[in-house]
*Asks:* 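Sharing a structure with you now.
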Amino acid sequence: MPTAIITGITGQDGSYLAELLLKKEYRVIGVARRSSTVNYERIEHIVDDITVVQGDLQDQGSLLSLLEEYKPSEVYNLAAQSFVPTSWNQPALTGDVTALGVTRMLEAIRFVNPKIRFYQASSSEMFGKVLEVPQNEDTPFYPRSPYGVAKVYGHWITVNYRESFDMFATSGILFNHESPRRGMEFVTRKISNAVAGIKLGKTKELRLGNLEAQRDWGFAGDYVEAMWLMLQQDHPDNYVIGTGETHSVREFCEIAFSHADLDYKDFVVMDEKFYRPAEVDLLISDPSKARAALKWEPAVSFKELVTIMVDSDLARLKR
Ligand code: NAP
Ligand code: G4F
């Protein structure tokens, strides 16, 4: 039975990846940082099948102890301060967790067992003010937020440990992926939750920022499969994972509201508060390398994703 450590187990991707690895008969060790209240909402259905342990990307010793105790063959580093707007309010913390945290994990692997296979959760936010359309593994980076800058560091330190120490360190450059488990502050979930609230008469309006921003949105459940496939290859590498389609926030609103027989124009209010100091206007992936090398394809379409999220929030709010 292989053992995998997942940092960020309480997050959206951590929960889907844990489910996938359990199906593949891994022993799953999930790392959660200590907090005064337990936030296992996304993993409560599998918490008895995995081992949740305390650890923090800001604490080198905790990472070393974890690797020594559980002796994993794979480490998936999904933990991060992942919300872009917060990265302008807490830039130093974002750098410490999202950038330096990667080095701490790589150092722990190098000291304890450099044969451990390592996955780094890199991001399409690294492309930022895009220098090429669509974006692939060779597109230069131009990050637009402290979060994007931190992810560029995390990507390059992963490549550097691969080249310096011959470690199996792989970087998955994932475009936006969503689900009913997405955090409430991200735009897709904010929309699906508001649509459900409005439909059920609990909410009156939805305040949003830039409706013209375009993203390549896929389903998180599909993307964790790509993470696993990357660590099953013969060699470490960088892979872009996305759908190859782009849609605007406005389009997301149109489909989400119309799925509930509503017109978004009646409820969406533009609010300057949600505009960013620097915006990423357009993201669209070229995932051809992953399709060829990993034989990976997304299963859920954009429209299905939107309707799954709205239906899920409707069912939750009705309960
Ligand atoms: P998420 O839901 O925000 O989860 C982030 C996780 O990191 C949470 O479990 C959080 O714990 C944990 N964490 C934060 N700071 C930590 C620390 N100092 N030490 C240990 N754990 C810490 O993010 P996600 O959507 O699942 O994304 C997973 C990873 O992929 C992140 O690195 C993100 O930046 C990256 N990514 C995401 C996307 C996307 O579209 N979802 C795209 C590209 C890359 P708490 O629950 O305690 O906060
Ligand atoms: O949903 P978002 O907050 O996601 P964003 O900034 O693209 O970042 C997410 O995807 C990245 C991958 O590219 C991840 F690395 C990162 O961790 C995170 O998961 O915003 C999407 C777009 C932005 O252009 C934003 O300006 O939606 C626009 N938007 C418009 N109104 C809004 C809002 N975003 C949020 N969060 N809230 C709004 O009211």
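When a ligand or atom number is given, it counts from 1 through the structure's own listing order. These numbers come from the heavy atoms of this one structure, side chains and all, not from hydrogens, waters or symmetry mates. Given the structure is predicted, the values throughout are model-derived calculations rather than measurements.
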*Asks:* Kindly confirm or rule out an N or O of L57 lying under 3.5 angstrom from an N or O of ligand 1.
*Replies:* yes
*Asks:* State whether the number of non-hydrogen atoms from other residues, nucleotides or ligands found under 6.0 Å of Y142 atom OH is greater than 12.
*Replies:* no
*Asks:* Looking at D166, I want to see if its CG is surrounded by more than 12 non-hydrogen atoms of other residues, nucleotides or ligands under 6.0 Å.
*Replies:* no
*Asks:* Where does R182 meet ligand 2, judged by heavy-atom distances below 4.0 Å: at the side chain, the backbone, both, or neither?
*Replies:* side chain
*Asks:* Does any N or O in the side chain of Q81 come within less than 3.5 Å of the main-chain N or O of F83, such that one atom is a donor and the other an acceptor?
*Replies:* yes
*Asks:* Residue-level breakdown please: for F274 versus ligand 2, do any non-hydrogen atoms fall below 4.0 Å on the side chain, on the backbone, on both, or on neither?
*Replies:* side chain
*Asks:* Do other residues, nucleotides or ligands put more than 12 heavy atoms under 6.0 Å from E25 CD?
*Replies:* no
*Asks:* Has R144 got a side-chain atom pairing as donor or acceptor with D281's backbone, closer than 3.5 angstrom?
*Replies:* no
*Asks:* Atom 29 (C) of ligand 1: which protein heavy atom is closest, and how many Å away?
*Replies:* L78 O, 3.1 Å
*Asks:* Evaluating non-hydrogen atoms only, which member of Y147, F175, Y223, Y76 is closest to atom 36 (N) of ligand 1?
*Replies:* Y147
*Asks:* Side-chain contact test, heavy atoms from C-beta onward, threshold under 4.5 Å: evaluate it for T98 versus Y147 and give yes or no.
*Replies:* yes
*Asks:* Checking a contact table here: which protein heavy atom is nearest atom 44 (C) of ligand 1, and how many Å away?
*Replies:* S122 O, 3.4 Å
*Asks:* Just to confirm my output: which protein heavy-atom neighbour is closest to atom 23 (C) of ligand 2, and how far is it?
*Replies:* R215 NH2, 3.4 Å
*Asks:* Counting non-hydrogen protein atoms only, what is the nearest one to atom 27 (O) of ligand 1? Give residue, atom name and distance.
*Replies:* D13 OD2, 3.7 Å
*Asks:* Report the part of Q12 in contact with ligand 1, treating N, CA, C, O as backbone and CB onward as side chain, heavy atoms under 4.0 Å; options are side chain, backbone, both, neither.
*Replies:* both
*Asks:* Can you pull out the closest protein heavy atom to atom 2 (P) of ligand 2? Residue, atom name and distance to 0.1 Å, please.
*Replies:* R276 NH2, 3.7 Å
*Asks:* What's the shortest distance from atom 43 (C) of ligand 1 to any protein heavy atom, and which residue and atom give it?
*Replies:* L174 O, 3.1 Å
*Asks:* For atom 38 (C) of ligand 2, what's the nearest protein heavy atom and its distance?
*Replies:* K190 NZ, 3.7 Å
*Asks:* What do you reckon, does K151 put a non-hydrogen atom under 4.0 Å from ligand 1?
*Replies:* yes
*Asks:* Parallel, tilted or perpendicular: which describes the rings of Y119 and Y76, with under 30° parallel and over 60° perpendicular?
*Replies:* tilted
*Asks:* Which of these, P85, G209, G148, G128, has its nearest heavy atom closest to atom 31 (N) of ligand 2?
*Replies:* G209
*Asks:* Going by the closest heavy atom to atom 21 (N) of ligand 1, which one wins out of G172, A79, A121?
*Replies:* A79
*Asks:* Would one find an N or O of S124, backbone or side chain, under 3.5 Å from an N or O of ligand 2?
*Replies:* yes
*Asks:* Using modelled atom types only, decide if a donor and an acceptor are shared between the side chain of E74 and the backbone of R117 within a distance under 3.5 Å.
*Replies:* no
*Asks:* Where does Y275 meet ligand 2, judged by heavy-atom distances below 4.0 Å: at the side chain, the backbone, both, or neither?
*Replies:* neither
*Asks:* Examine L211 against ligand 2 and note whether any of their N/O atoms are separated by less than 3.5 Å.
*Replies:* no
*Asks:* With heavy-atom distances below 4.0 Å as the criterion, list the atoms of ligand 2 near F83.
*Replies:* 3 (O), 36 (N)
*Asks:* Counting only heavy atoms, tell me which of G101, A80, S35 gets closest to atom 7 (O) of ligand 1.
*Replies:* A80
*Asks:* Looking only at non-hydrogen atoms, which of N210, V187, T98, L174 approaches atom 21 (C) of ligand 2 most closely?
*Replies:* V187
*Asks:* Is it true that a side-chain atom of N113 and a backbone atom of K71 form a donor plus acceptor pair closer than 3.5 Å?
*Replies:* no
*Asks:* Does a donor on one side chain and an acceptor on the other come within less than 3.5 Å for R27 and Y70?
*Replies:* no
*Asks:* Nearest protein heavy-atom contact for atom 47 (O) of ligand 1: which residue, which atom, what distance?
*Replies:* R33 NE, 2.9 Å
*Asks:* Drop me the distance from L283's CG to N176's CG, to the nearest 0.5 angstrom.
*Replies:* 6.5 Å
*Asks:* Tell me if a side-chain donor or acceptor on R182 pairs with a main-chain N or O of Q12 at a distance below 3.5 Å.
*Replies:* no
*Asks:* Is it the case that more than 12 heavy atoms not belonging to K24 sit under 6.0 Å from its NZ atom?
*Replies:* yes
*Asks:* Specify side chain, backbone, both or neither for V84, according to which of its non-hydrogen atoms lie closer than 4.0 Å to ligand 2.
*Replies:* side chain
*Asks:* How far is atom 6 (C) of ligand 1 from its nearest protein heavy atom, and which residue and atom is that?
*Replies:* G8 CA, 3.7 Å
*Asks:* For atom 39 (C) of ligand 1, which candidate among H177, E185, Q54 provides the closest heavy atom?
*Replies:* H177
*Asks:* Is N176 near ligand 1, meaning one of its heavy atoms is under 4.0 Å from it?
*Replies:* yes
*Asks:* Among all protein non-hydrogen atoms, which one is nearest to atom 23 (O) of ligand 1, and what is the separation to 0.1 Å?
*Replies:* S82 OG, 3.5 Å
*Asks:* Among all protein heavy atoms, pick out the one at the shortest distance from atom 5 (P) of ligand 2; state its residue, atom name and that distance to 0.1 Å.
*Replies:* N176 ND2, 3.8 Å
*Asks:* Would you please determine whether R182 falls within less than 4.0 Å of ligand 1 on a heavy-atom basis?
*Replies:* yes
*Asks:* Among all protein non-hydrogen atoms, which one is nearest to atom 4 (O) of ligand 1, and what is the separation to 0.1 Å?
*Replies:* G11 CA, 3.4 Å
*Asks:* Aromatic rings F257 and F267: how do their planes relate, parallel, tilted or perpendicular, breaks at 30° and 60°?
*Replies:* parallel
*Asks:* Indicate yes or no for a side-chain donor-acceptor contact from K295 to the backbone of L229 under 3.5 Å, with no hydrogens or angles considered.
*Replies:* no
*Asks:* Counting distance only, does the side-chain N/O of R207 pair as donor-acceptor with the main-chain N or O of M270 below 3.5 Å?
*Replies:* no
*Asks:* Would you check if the side chain of S248 reaches a backbone N or O of A213 as a donor-acceptor pair within less than 3.5 Å?
*Replies:* no
*Asks:* With heavy atoms under 4.0 Å as the rule, classify the contact between T10 and ligand 1 as side chain, backbone, both or neither.
*Replies:* both
*Asks:* With backbone taken as N, CA, C and O and side chain as the heavy atoms from C-beta onward, which portion of T7 lies under 4.0 Å from ligand 1: side chain, backbone, both, or neither?
*Replies:* neither
*Asks:* Is there any N or O on D56 that sits under 3.5 Å from an N or O of ligand 1?
*Replies:* yes
*Asks:* Evaluating non-hydrogen atoms only, which member of H177, K151, R207, E185 is closest to atom 36 (N) of ligand 2?
*Replies:* E185
*Asks:* Does even one non-hydrogen atom of F83 get within less than 4.0 Å of ligand 1?
*Replies:* no
*Asks:* Would you say E279 and ligand 2 have an N/O pair spaced under 3.5 Å apart?
*Replies:* yes
*Asks:* Between Q81 and ligand 1, is there a nitrogen or oxygen pair with a distance under 3.5 Å?
*Replies:* no
*Asks:* Is there side-chain contact between Y16 and L78, with heavy atoms separated by less than 4.5 Å?
*Replies:* no
*Asks:* What distance do L317 atom CG and S312 atom OG have between them, rounded to the nearest 0.5 Å?
*Replies:* 9.0 Å
*Asks:* Can you tell me if K199 uses its side chain to pair, donor with acceptor, with the backbone of A260 under 3.5 Å?
*Replies:* yes
*Asks:* Using a 4.0 Å heavy-atom threshold (strictly under), name the region of L283 that reaches ligand 2: side chain, backbone, both or neither.
*Replies:* side chain
*Asks:* Run the contact test for S15 against ligand 1 with a 4.0 Å cut-off on heavy atoms, strictly below, and give the result.
*Replies:* no
*Asks:* Might you confirm whether atom CD of E272 has over 12 heavy atoms from other residues, nucleotides or ligands at distances under 6.0 Å?
*Replies:* no
